Amino acid sequence: MAPALQWALGNHYLLTNRQDKAFPYFRRLLELQPHYLENTFRLCLRATRDPQAIYANVVPNGEDASPRFAFLLFLISAADYESAMKIWGQMISGPDRSPRLSLVKPFLDFLIDHNQIEDAGTVWTDLQHTGVISPGSPQPANLLYNGGFEGPALDTGFDWRTSESPDLVFNLSAPSAYTGAKCVRIDFVVGRNAEYDL
């Protein structure tokens with residue numbers, strides 16, 4: 001039950017080229033001490049260069065999905081988008097059919113922030129198909145998700161995002177909409193600010 005012992009045994013078997021014996025120790029280590037996640041992923045990936053084997057044999061497969069999403073983030077932070085998307089496909093069709101949006105958010109936002117728009121679109125569509133987020137606009141001509149602010153802003157993916165600022169106040173439920181019931185209103189709470197250009 002000692003994490004240090006699990007780590008030592010896993011390392012021993014990796015160093016002696018016995019991955020099949022090393023993996024169960026690393027999986028048990030991650031079940032006992034999740035703060036070993038990144039070091040374990042880095043070590044196993046350096047030794048095996050096989051993200052699929054690590055996902056299948058090292059990443060804990062219990063009810064807590066956070067280690068699986070941590071592995072996705074680890075892969076995309078190393079720019080291995082292809083492996084991450086393959087594993088995402090297995091997750092969304094297997095153990096994580098309806099993941100919490102808060103778990104998917106860092107993965108989705110990282111893809112968008114690093115210009116992996118096609119992959120982010122795939123994740124977004126998968127979330128819509130599984131019911132994690134509601135489908136897009138019922139109007140076929142409207143390509144914006146939640147374009148009329150009908151639902152609450154998710155602050156992730158292809159929905160509306162607002163950034164914290166002492167100079168701005170966002171209201172995504174303002175009642176003075178051109179059509180529909182809501183619109184966005186941005187108020188400047190300072191008298192004059194040359195940094196913002198609407």
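As the structure is a prediction and not an experimental result, all values here were calculated from the model.
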What's the shortest heavy-atom distance between [X] and [Y], and which atoms?
X: Pro60; Y: Leu30; answer: CG-CB, 3.7 Å
X: Tyr36; Y: Pro3; answer: CE1-CB, 4.0 Å
X: Cys44; Y: Ile54; answer: C-CD1, 3.5 Å
X: Ile76; Y: Ala84; answer: CG2-CB, 3.5 Å
X: Ile87; Y: Pro51; answer: CD1-O, 3.9 Å
X: Gly94; Y: Arg97; answer: O-CG, 3.2 Å

Is there a side-chain contact between [X] and [Y] (heavy atoms, below 4.5 Å)?
X: Lys21; Y: Thr16; answer: no
X: Arg27; Y: Asn61; answer: yes
X: Leu168; Y: Phe188; answer: yes
X: Leu5; Y: Tyr25; answer: no
X: Tyr145; Y: Trp124; answer: yes
X: Pro152; Y: Leu172; answer: no
X: Val123; Y: Leu127; answer: yes
X: Asn146; Y: Phe158; answer: no

Measure from the side-chain N and O atoms of [X] to the backbone N and O of [Y], and report whether any donor-acceptor pair falls under 3.5 Å.
X: Asp96; Y: Pro99; result: no
X: Asn11; Y: Trp7; result: yes
X: Asn57; Y: Phe23; result: no
X: Tyr55; Y: Arg68; result: no

Looking only at the aromatic ring of each residue, does the gap between the centers of Phe107 and Phe69 stay below 6.0 angstrom? no
Inter-residue atom distance [X].[atom1] - [Y].[atom2], 0.5 Å rounding:
X: Met85; Y: Leu72; atom1: CE; atom2: CG; answer: 9.0 Å
X: His114; Y: Ser77; atom1: NE2; atom2: OG; answer: 9.0 Å
X: Ile186; Y: Thr162; atom1: CD1; atom2: OG1; answer: 9.5 Å
X: Ser83; Y: Phe74; atom1: OG; atom2: CZ; answer: 11.5 Å
X: Leu14; Y: Leu9; atom1: CG; atom2: CG; answer: 11.5 Å
X: Leu29; Y: His35; atom1: CG; atom2: NE2; answer: 8.0 Å

We want to know whether Asp126 and Trp88 form a side-chain donor-acceptor pair, criterion being a heavy-atom distance below 3.5 angstrom. yes
Assigning hydrophobic clusters by single linkage (Ile, Leu, Val, Met, Phe, Trp, Tyr; side-chain heavy-atom cutoff under 4.5 Å), is Leu43 placed with Tyr13? no
Decide if atom [atom1] of [X] counts as having more than 12 heavy atoms of other residues, nucleotides or ligands within a radius under 6.0 Å.
X: Asp187; atom1: CG; answer: yes
X: Gln52; atom1: CD; answer: yes
X: Arg42; atom1: CZ; answer: yes
X: Glu82; atom1: CD; answer: no
X: Arg161; atom1: CZ; answer: yes
X: Lys86; atom1: NZ; answer: no

Which is it for Val132 and Val104 under the side-chain contact (heavy atoms from CB on, under 4.5 Å) test, yes or no, and what are the steps along the way? CA-CA 10 Å; Val132 174; Val104 184; 5.8 Å; no
Set out, in order, the CA-CA distance, both residues' side-chain angles and the distance that settles side-chain contact (heavy atoms from CB on, under 4.5 Å) for Phe41 and Val59, then state yes or no. CA-CA 8 Å; Phe41 295 157; Val59 178; 3.8 Å; yes
Please lay out, stage by stage, how Tyr81 and Leu111 fare under the test side-chain contact (heavy atoms from CB on, under 4.5 Å). CA-CA 9 Å; Tyr81 300 107; Leu111 289 172; 3.8 Å; yes
